[in-house]
Each structure stands twice: as structure tokens, then as C-alpha cells.
Amino acid sequence: MAEDYVALNFLEQIVEEDITNGFPQEDLRFRFPPEPNGYLHIGHCKAICISFGLGEKYNAPVNLRFDDTNPSKEEQEYVDAIQEDIKWLGFKWDKVCYSSDYFQQLYDWAIQLIKDGKAYIDSQSSEAMAEQKGTPTEPGTNSPYRERSVEENLELFEKMAKGEFAEGVHVLRAKIDMQSPNMLLRDPIMYRVINKAHHRTGNTWNIYPMYDWAHGESDYVEQVSHSLCSLEFKPHRPLYEWFVDNVYTNGIKPKQREFARLNLSYTIMSKRKLLKLVQEGIVSGWDDPRMPTISGIRRRGYTPAAIRNFIDAVGVAKRDNVIDVSLLEFNVREDLNKTAPRVMAVLDPVKLVITNYPEDQEEWLEAENNQEDENAGYRKVPFSKELYIEKDDFKENANSKYFRLTLGKEVRLKNAYIIKGESVVKDANGNITEIHCTYDADSRSGSGTEASLRKVKGTLHWVSIKHAIKAEVRLYDRLFNHESPDGDKEVDFMEHLNPNSLETITGYLEPSLSEVEPMDIFQFQRLGYFNVDKDSTPEHLVFNKTVGLRDTWAKVESKSTKKEQPKAAPKKQIPQIPALNEIKKVGKKLAQIPDEKRVKAIARIRELAKDVHYEELKELFNTSAKKIGTRLAVLETLIVLIQLNKVDQKNEEVAAYLEEMKTSGNELLENSVNNL
């Protein structure tokens with residue numbers, strides 16, 4: 001048996017129960033079965049991580065199987081892209097398979113079902129079949145062709161396979177139950193005629209199996225033990241089992257189980273609609289950095305670790321919900337913060353002249369590459385009399401709360417000197433073209449002088465003008481400006497496109513970036529994370545904005561919805577609320593709020609939890625069973641303490657509490673503890 005885990009998600013529980021009941025662990029086999037009719041997107045990452053993650057957990061093989069049963073939509077380009085995406089995420093498959101590998105076996109099984117009286121050729125029009133199938137509340141009626149003789153069915157099926165009929169004239173249907181409350185069991189279609197070449201089998205076949213027929217049988221051929229699908233396939237499970245049962249002879253009978261798919265706010269997950277964006281030129285291609293495709297987010301600079309951490313944070317649930325895209329962006333920031341080298345770049349420049357700095361002097365100052373990584377080392381950056389700083393980092397007239405550069409006040413230039421604003425130069429329209437300042441020559445960072453240790457409230461990034469290198473910088477934002485762009489079926493999702501999803505500007509970078517390679521990722525200090533685009537060349541550097549240093553979108557939304565309020569009287573300073581008290585406050589309504597708000601609230605709780613001590617938290621273990629929100633907040637806090645090694649998961653009190661939550665009967669609590 002797999003090593004013991006205190007908390008398992010429900011899919012792991014299924015596998016563990018099967019092992020406990022005698023299923024040999026060495027016979028476990030999983031699969032990821034994409035249809036090669038488009039590029040994979042962030043939603044597919046959950047399915048990939050679940051199947052391949054179980055493979056890693058149980059040291060079991062995972063097949064990558066392309067369900068290529070529809071030659072009208074499938075291309076080799078998509079097969080290649082899918083393999084690249086899975087490799088990039090860090091997973092390895094046991095073997096690559098195709099449903100088309102089994103076309104002959106599927107055909108032979110279909111022949112056997114016809115001979116057994118369990119399949120027949122229907123010659124009705126698609127409209128007649130749809131009407132004859134009934135409705136969810138009304139039973140279907142039998143096809144007039146349902147009782148065709150075995151001999152006639154075999155003859156017609158053979159002619160279909162030889163290409164003697166046009167598309168739509170005949171189909172092969174399973175003979176199950178037209179009265180079934182599950183409409184999928186009302187004599188589903190198994191084969192249809194498609195007169196198109198297949199990307200692997202060419203013109204060998206003129207009939208192609210339907211997904212429901214090919215899917216379970218392919219699992220059986222490959223001896224997949226657990227066939228894991230997204231929730232929309234749950235109604236298909238009885239059909240999956242009927243098909244497998246009617247061809248099964250020996251070996252492993254695959255078991256289908258379903259999990260909630262990943263839905264993201266501000267995101268479209270439909271391949272058909274993503275294809276429309278590509279075809280209409282809204283985006284530059286499937287790998288446009290605004291696209292939710294894996295190739296798109298890879299090009300934008302997202303990392304495999306960030307994606308996998310995000311999927312872990314979302315967890316494995318039994319019901320669909322919408323996850324706020326800010327949780328994905330949070331995980332990207334968290335990962336890049338640890339790994340991305342820090343550099344200086346100015347994206348909206350204004351000239352800064354240090355009037356008392358020697359005219360021809362230049363210095364190469366030492367700058368730390370990443371304060372989060374003690375092994376990242378240092379680099380040299382050039383400093384001179386004339387620099388670029390960000391326009392937003394200077395105000396000619398500023399109040400006392402403005403801590404960047406203004407006239408008469410001091411700030412520090414990062415890794416360099418303390419400067420003081422003295423005057424400005426303006427053009428004929430009154431726009432500032434130069435800022436003149438003076439510097440304290442004894443205040444160089446790291447010099448150890450008394451002046452260098454002086455505290456000033458602002459620190460600015462900069463680049464030396466004569467050493468700066470130009471780059472094209474692509475500032476990406478969300479492709480849609482509506483939280484649910486596909487939520488209103490009366491409104492075309494294209495109406496929610498964000499017209500400001502891409503802005504292209506010229507940036508000025510420190511010279512250490514002159515020899516970067518595509519996909520290199522950096523933090524432009526104080527601005528965000530940026531990566532080198534594949535369009536970049538040594539002569540023309542191109543950077544993509546991956547993500548900002550903080551979630552500015554939430555602030556924009558807040559400003560756009562906030563009503564003008566009269567200025568209130570100054571309030572007395574209130575002492576900071578202890579972390580645990582604030583956690584309890586957030587937790588009070590945690591069970592009642594919508595899923596997307598709950599995700600944000602839990603993220604806040606997890607951040608606060610870092611300042612909580614176990615001794616104070618355990619006092620809340622006996623919270624009233626009715627207070628689900630508070631119990632969930634306590635549980636999430638405990639999970640953080642376990643992950644930070646502040647408390648042992650095997651601690652008797654902790655283990656007992658986790659077991660209590662696991663068996664509470666509340667889905668929120670159970671999902672939370674199962675994702676530990």
C-alpha cells in the first residue's frame with residue numbers, strides 16, 4: 001500500500017480503498033486523454049496534475065492517450081503542442097497512445113455487438129433521431145430501424161466502412177433503453193460516416209467511433225485502472241460501464257470517477273471560443289501571452305512550479321466553482337519572488353541630472369541579484385551624471401505623505417547615493433523634461449560611512465542614460481474586463497474584450513540585460529516580473545510583463561465601484577488587530593459567501609496564519625459545530641502551521657482534530673482537510 005497519509009483527497013481515498021480491498025498496487029495505471037483539436041489551457045492543468053500526480057504518488061504508469069476519433073477537427077500540430085505542454089509542466093508519461101491505434105479492435109467489437117443483438121444501423125435523419133429520443137422528462141420511442149435483422153445490420157455496417165454511403169445516411173447505434181431516465185442510454189450513436197482523411201490513419205477508415213464508444217474501450221485495451229474525468233462526464237458513467245461490460249472478457253475493468261473542473265474568473269475555457277480569438281486576429285496566436293493556453297502562459301513567463309502550486313491550492317473537489325484568477329497570479333508572484341534576478345529598468349522615463357556629479361565620471365556599483373536567494377550573488381551596474389527615473393517617481397509639488405522625489409527633499413537611488421531635488425526644466429507646454437538634483441558624495445550604499453547609514457523614506461530605481469539599452473516592452477493585462485465573460489448566454493463573450501489588454505512601449509534597461517535569452521525571467525525592481533519573449537533578438541530585445549508585484553486589478557475594480565464619500569473627521573489611530581482575532585472575524589461569514597470571495601478570504605487567512613501560535617489556536621478547536629465559517633478558518637490556519645513546520649501533523653491533538661474535520665459531514669471542511 002502507498003505510504004500513510006493523514007489527509008487524502010477523495011480520488012486518493014478511492015484508490016486507497018481499492019488497494020485495501022485487494023487491488024494490486026502494481027496494477028495501478030492512469031491516463032490523460034486529450035482530444036488533439038486545439039491547444040491545452042489552464043483548465044487542463046488540473047486534469048494533468050491529478051492523473052500524473054497520482055502516478056507519481058503511487059509510482060504507477062500514466063498513459064498520454066490522444067482521443068483522436070474526429071478527423072474533422074484534429075491536427076498533428078495539436079498533438080505536438082500537447083506533448084510539449086505536459087513536458088513543460090514537469091510530468092513524464094509511460095507511453096503515448098492514440099484511440100486510432102484501436103480502430104480495428106473497436107470495429108471488431110462493434111461487429112460482435114451487432115451479432116449479439118446489442119447494436120443496429122439507424123437510417124433516420126438526425127432531426128428525426130433527436131425527436132425520437134424524447135426529453136429529460138419524457139421517454140424516447142424506438143427507432144423504426146431498431147429491429148433490423150443481424151444480417152442486414154452487418155451488411156450495412158460493412159458498406160459504411162467501405163465508404164459506400166454519404167455522411168449522415170446511416171449511423172450505428174447501441175441498443176440499450178429508449179425509456180431510460182438517463183438520455184445518454186437511449187440508444188447512443190457508436191459510429192458515423194466521415195469522409196475525411198485522418199491525421200494518422202489517412203483514408204483507411206470511412207467510419208469513426210464516437211467518443212463515448214472509444215473512450216472506455218480504449219481504457220480497457222490499455223488496462224487503465226482508474227479513468228479520471230471532469231464532472232460533466234458523470235452522467236456518461238453508466239454508458240461507459242455498459243460499453244465496457246459488453247466487451248469485457250478478462251483483466252482489469254477500468255473505473256471512471258469524476259472531479260470538478262477548473263474554472264477561472266476573467267477567463268474563457270472553451271477551445272471553440274479560443275479558436276475564434278485566434279482566427280479573428282484578436283490575439284496573435286494560440287501562444288499569445290494573454291491567452292489561457294499553457295503555451296500562452298508559458299510565453300508570458302508563468303512557471304511550472306507556480307502552476308502546480310496553484311493547482312494544489314485549488315484542491316480536488318466534487319462540485320464546480322469559479323476560482324479567482326488573482327489566486328493564480330499570487331502563486332506566480334510567490335514562485336518568481338524566490339527565483340527571479342532583480343534588475344533595474346525604467347518604462348516611463350524622465351531625465352534626472354545630478355548637477356554636482358563630475359561631468360565625465362562613471363562608477364560601477366554593486367547590486368544584489370536577489371535578496372531572497374543568498375546564493376544569487378551580485379552584479380555591477382553603471383552610474384553617471386545623467387539618469388532615467390520613472391515619471392511617477394517625481395512630483396514638483398507634493399504633500400508630506402509623498403515619499404518619492406520632490407523639490408527640497410531627499411530620497412535614495414537604489415544601490416547608489418542619496419539625492420535631493422533642486423529644480424526642474426520644462427518645455428513650452430509646461431511639461432517637465434529634466435529634473436535637477438544634487439547628491440551626497442559620502443552616502444554611497446554599502447560604503448559604511450555615516451552618511452550612507454542615514455535613513456530616508458524613499459528609494460528609487462534608475463538607469464544610467466549613456467549605458468541604458470532599449471527594449472520593446474509589452475504590458476499585458478487581462479484579456480476580458482468582465483469577471484464572467486461567458487456567463488451571459490444572451491451577450492456575445494467578445495463584447496467583454498478588454499481594449500487595453502496590450503500596450504507596447506519602449507523601456508530603458510541596465511546593460512546587464514544585453515545578452516539575455518528567450519524565456520529568461522527577471523524582476524524589474526518596483527515594477528513587476530518580466531520575461532524575454534521568443535520574438536526577442538540581440539538587436540531588438542522584447543520583454544513581456546508576466547505579473548505585477550501586487551494585485552493592482554483589485555484596486556482598479558475598487559476605485560471604479562466606490563462612490564464618492566464626504567471626507568470623514570480624522571480617526572484616532574487604532575492598534576493593529578492580532579492575527580487570530582482578524583482570522584476569526586474573516587471566518588464568521590466564510591461559509592455563506594460566494595466561492596470566488598471565499599477563495600480570496602482563505603488566501604487572507606493563510607497569510608495571517610503565519611503570525612499565529614499553535615497554543616492560542618488550539619483553544620478554538622472546540623468551536624461550536626454550527627459555526628462552519630469559524631471552524632473552516634481555524635482549520636485553514638492549522639494547515640498553514642503544519643506546512644510551516646510550526647506544529648507536527650502527528651501531534652495527538654492535531655491528528656484528532658483533522659480526523660474530526662474529515663468526518664464532519666460538511667463539504668467545505670472535508671475538502672479543506674483533504675487538500676492538506
Side-chain angles (χ1 to χ4, degrees), residues 14-15 17-33 51 54-55 58 60-69 93-121 148-151 153-158 160-161 171-177 180 182 184-185 187-191 201 204-205 207-229 233 236-258:
I14 290 170
V15 175
E17 287 169 7
D18 288 343
I19 295 172
T20 300
N21 293 331
F23 187 91
Q25 183 171 332
E26 60 270 20
D27 287 343
L28 287 174
R29 180 177 288 272
F30 307 97
R31 91 289 173 267
F32 174 63
S51 291
L54 285 170
Y58 292 98
V62 183
N63 290 353
L64 170 59
R65 183 178 72 242
F66 293 98
D67 279 335
D68 54 346
T69 60
W93 51 80
D94 179 51
K95 53 186 176 181
V96 175
C97 307
Y98 298 83
S99 291
S100 56
D101 292 338
Y102 319 128
F103 278 176
Q104 185 62 51
Q105 177 66 79
L106 291 167
Y107 179 78
D108 293 343
W109 275 332
I111 293 287
Q112 188 59 51
L113 287 182
I114 293 173
K115 290 179 178 179
D116 293 341
K118 295 179 179 179
Y120 64 97
I121 301 297
R148 266 178 167 152
S149 68
V150 169
E151 291 73 22
N153 283 323
L154 288 172
E155 181 183 356
L156 288 171
F157 191 49
E158 184 178 355
M160 286 170 61
V171 295
L172 179 69
R173 295 177 71 177
K175 188 187 289 187
I176 306 180
D177 182 6
S180 173
N182 184 339
L184 294 168
L185 294 177
D187 292 9
I189 297 174
M190 296 172 60
Y191 274 95
T201 62
T204 302
W205 293 93
I207 56 172
Y208 291 92
M210 298 296 288
Y211 178 85
D212 278 326
W213 167 238
H215 180 61
E217 315 312 273
S218 298
D219 286 341
Y220 176 43
V221 171
E222 295 173 16
Q223 289 292 275
V224 169
S225 59
H226 296 77
S227 179
L228 307 176
C229 308
F233 288 98
H236 295 245
R237 193 200 296 181
L239 179 57
Y240 178 99
E241 293 172 346
W242 189 92
F243 278 140
V244 172
D245 287 342
N246 279 282
V247 303
Y248 179 80
T249 53
N250 54 56
I252 294 169
K253 186 183 290 186
K255 173 187 288 188
Q256 176 180 305
R257 290 297 181 265
E258 308 81 20

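Remember, it's a predicted structure, so these values are computed and weren't measured experimentally.
- The existence of a salt bridge linking Arg65 and Asp101 is excluded, since no basic side-chain nitrogen approaches an acidic carboxylate oxygen closer than 4.0 Å.
- Within the 4.5 Å cutoff, the side chain of Phe243 has heavy atoms near those of the Pro188 side chain.
- Classification of the Trp109-Tyr220 ring pair by plane angle, with boundaries at 30° and 60°, yields parallel.
- Using modelled atom types, one side-chain atom of Thr204 and one backbone atom of Thr201 make a donor-acceptor pair closer than 3.5 Å.
- Two residues are said to be in side-chain contact when any heavy atoms from C-beta on lie closer than 4.5 Å; Val244 and Glu217 meet this criterion.
- At a cut-off of 3.5 Å, with distance as the only test, a side-chain donor of Gln104 or Asp108 sits close to an acceptor on the other residue.
- Atoms CG and CD1, from Leu172 and Ile114 in turn, are 5.0 Å apart once rounded to the nearest 0.5 Å.
- In this model, no donor atom of one side chain and acceptor atom of the other lie less than 3.5 Å apart for Asn21 and Glu17.
- No side-chain heavy atom of Met210 sits under 4.5 Å from any side-chain heavy atom of Val171.
- Between the side chain of Asp187 and the main chain of Arg173, no donor-acceptor pair closer than 3.5 Å is present.
- Ring geometry, Trp205 versus Phe103: the interplanar angle exceeds 60°, so the pair is classed perpendicular (tilted spans 30 to 60°).
- Distance check: Leu113 CG to Trp213 CH2 gives 4.5 Å after rounding to the nearest 0.5 Å.
- No close placement of the His236 and Tyr240 rings is indicated, their centers lying 6.0 Å or farther apart.
- When all heavy atoms of Asn63 and Cys97 are compared, the closest pair comes out as ND2-SG, 4.0 Å.
- Interatomic distance, CD1 of Ile14 versus CG of Leu228, reported as 8.0 Å (0.5 Å rounding).
- In this pair, Tyr107 and Tyr191 present their aromatic rings perpendicular. The plane angle is above 60°, beyond the 30 to 60° band.
- Few gaps surround NZ on Lys253; more than 12 heavy atoms of other groups in view lie less than 6.0 Å from it.
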*Hey, mind stepping through Leu239 and Ile176 against side-chain contact (heavy atoms from CB on, under 4.5 Å) and telling me if it holds?*
CA-CA 9 Å; Leu239 179 57; Ile176 306 180; 3.7 Å; yes
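- Atoms OH and CG, from Tyr98 and Leu64 in turn, are 7.5 Å apart once rounded to the nearest 0.5 Å.
- Contact annotation: the side chain of Val96 approaches that of Phe66 to within less than 4.5 Å [non-hydrogen atoms, C-beta and beyond].
- With values rounded to the nearest 0.5 angstrom, Met190 atom CE is found 10.0 Å from Ile207 atom CD1.
- A donor-acceptor contact shorter than 3.5 Å links the side chain of Arg148 to the backbone of Ile121.
- The heavy-atom pair separating Ser100 from Asp68 by the smallest distance is OG-OD2, 2.7 Å.
- Annotation: side chain of Arg237 is in contact with side chain of Arg257 (closest heavy-atom distance under 4.5 Å).
- With respect to the salt-bridge test (charged N to carboxylate O, under 4.0 angstrom), the residues Arg31 and Glu222 do not qualify.
- With hydrogens and angles ignored, the 3.5 Å screen pairs a side-chain donor or acceptor of Gln223 with a backbone N or O of Ile252.
- Looking at Asp18 and His226, their side chains come closer than 4.5 Å, going by heavy atoms from C-beta outward.
- The nearest pair of heavy atoms linking Ser99 to Asp67 is OG-OD1, 2.6 Å.
- With values rounded to the nearest 0.5 angstrom, Ser225 atom OG is found 9.5 Å from Leu54 atom CG.
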